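This report refers to the structure that appears directly beneath it.
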Amino acid sequence: MTLHATQASDGDILNAIKLISGKLIERRRRRDHISQRELAMKIGRSDRWVREIEGGLPASALDDHIRCARALQMTTIHLFLPLIAVEHEMDVPRELLMQDDLWDLQCELLEAVARHQESAAVRHSTRSARDAMRRR
């Protein structure tokens with residue numbers, strides 16, 4: 001299954017993200033032998049709230065999913081990659097998002113951002129130096 005960016009409304013995409021996120025949160029919580037009650041206490045919420053997050057309740061907020069993921073020491077790329085893909089009208093394979101650990105992918109993306117920022121800084125300083133030379 002693929003999240004189709006061009007065929008779904010924003011609400012459909014967000015609901016799909018929450019459903020995937022809930023499944024990943026539940027899987028990680030179970031893997032780490034943490035009860036819903038323990039996770040709820042760690043976050044300062046109720047057991048019911050954790051059940052709703054794990055169930056992918058459409059009314060849940062993305063920051064609630066972030067809060068759970070962070071409490072379980074998970075990456076949060078599964079929440080943001082689909083949002084970026086939608087902006088570029090790209091499909092995202094659900095299988096990718098359902099992987100247990102996207103740490104390496106997240107690191108690669110951050111390295112790409114750092115390279116882009118470094119290039120932008122070089123272009124800016126080159127442009128500034130060239131402008132200074134012209135003013136002389």
Side-chain angles (χ1 to χ4, degrees):
M1 178 184 180
T2 301
L3 293 178
H4 297 288
T6 56
Q7 298 172 349
S9 70
D10 289 347
D12 292 339
I13 294 292
L14 288 174
N15 290 343
I17 291 168
K18 292 173 189 177
L19 185 63
I20 290 168
S21 176
K23 289 180 187 305
L24 288 170
I25 288 166
E26 180 180 17
R27 188 185 324 163
R28 178 63 65 96
R29 179 186 59 74
R30 288 179 185 270
R31 186 201 77 184
D32 293 348
H33 307 288
I34 299 171
S35 70
Q36 287 179 331
R37 180 176 301 265
E38 290 170 319
L39 180 56
M41 288 175 56
K42 189 173 187 177
I43 298 171
R45 302 301 289 258
S46 69
D47 302 9
R48 180 178 179 209
W49 182 85
V50 171
R51 282 191 300 278
E52 289 174 352
I53 293 296
E54 289 181 351
L57 183 72
S60 63
L62 284 181
D63 61 329
D64 293 335
H65 289 263
I66 294 167
R67 187 175 290 115
C68 281
R70 298 299 305 143
L72 294 168
Q73 298 180 334
M74 294 172 60
T75 63
T76 55
I77 194 169
H78 65 279
L79 296 168
F80 301 107
L81 189 58
L83 295 174
I84 294 168
V86 166
E87 288 182 33
H88 294 273
E89 297 183 358
M90 293 178 65
D91 295 338
V92 179
R94 182 183 172 128
E95 295 78 24
L96 170 69
L97 300 176
M98 289 301 295
Q99 291 179 19
D100 277 340
D101 192 2
L102 293 172
W103 181 262
D104 291 339
L105 175 59
Q106 186 168 292
C107 288
E108 287 179 36
L109 289 171
L110 289 172
E111 288 169 5
V113 169
R115 285 191 306 273
H116 177 78
Q117 183 59 30
E118 187 176 306
S119 295
V122 167
R123 284 191 307 272
H124 177 72
S125 65
T126 302
R127 191 177 316 128
S128 295
R130 194 174 30 225
D131 291 346
M133 291 296 286
R134 286 183 189 152
R135 284 184 246 147
R136 288 184 185 184

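Bear in mind that the values here come from a model prediction, so they are computed numbers and not experimental data. Heavy-atom basis, side chains included; hydrogens, waters and symmetry copies ignored.
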**Distance-minimising heavy-atom pair for H65 and S60** = NE2-OG, 2.9 Å
**Asked** Looking at R27, R29, R28, K23, which one forms a salt bridge (Lys or Arg N to Asp or Glu O under 4.0 Å) with E54?
**Response** R29
**4.5 Å side-chain heavy-atom contact, D32 and Q73** = no
**Request:** Evaluate whether atom CE of M41 has more than 12 neighbouring non-hydrogen atoms of other residues, nucleotides or ligands under 6.0 angstrom away.
**Result:** no
**Asked** How far apart are the closest heavy atoms of A69 and T75, and which atoms are they?
**Response** CB-O, 4.2 Å
**Request:** Answer yes or no: is there a donor N or O on one side and an acceptor on the other, between the side chain of K18 and the main chain of L57, under 3.5 Å?
**Result:** no
**Request:** First locate atom CD1 of I34, then atom CG of L72, and finally report the distance between them rounded to the nearest 0.5 Å.
**Result:** 5.0 Å
**Message:** Would you say that more than 12 heavy atoms from the other residues, nucleotides or ligands in this model lie under 6.0 Å from the CZ of R48, or not?
**Reply:** no
**Message:** According to a hydrophobic-cluster definition based on side-chain heavy atoms being under 4.5 Å apart (Ile, Leu, Val, Met, Phe, Trp, Tyr only), do V92 and L105 belong together?
**Reply:** yes
**Prompt:** Of the options L14, I66, L24, I20, which is the one that meets L79 in a side chain to side chain contact (heavy atoms under 4.5 Å, CB included)?
**Reply:** I66
**Asked** Should T76 and R70 count as side-chain neighbours, where that means a heavy-atom distance under 4.5 Å?
**Response** yes
**Prompt:** NE2/H124 to CD/Q117 distance, rounded to the nearest 0.5 angstrom?
**Reply:** 10.5 Å
**Asked** Rounded to the nearest 0.5 Å, how far does CG of D104 lie from CD1 of I77?
**Response** 10.5 Å
**Request:** Answer whether the closest heavy-atom distance between the side chains of L81 and L102 falls below 4.5 Å.
**Result:** no
**Residue that, paired with R67, satisfies side chain to side chain contact (heavy atoms under 4.5 Å, CB included) out of I25, I53, L62, I43** = I43
**Asked** What is the distance from atom OG of S35 to atom CG of D47, rounded to the nearest 0.5 Å?
**Response** 7.5 Å
**Request:** Determine, using the 4.5 Å side-chain heavy-atom cutoff (strictly less than), whether L110 and I84 are members of one ILVMFWY cluster.
**Result:** no
**Request:** Say whether L96 and M74 are linked into one hydrophobic cluster, either directly or through other cluster members, by side-chain heavy-atom distances under 4.5 angstrom.
**Result:** yes
**Rounded distance (nearest 0.5 Å) linking atom CZ of R45 with atom CG of D64** = 5.0 Å
**Message:** One thing to verify: whether K42 and E38 come together as a salt bridge, which I'm taking to mean a side-chain N less than 4.0 angstrom from a carboxylate O.
**Reply:** no
**Asked** Atom OG in S46, atom CZ in R51: separation rounded to 0.5 Å?
**Response** 7.0 Å
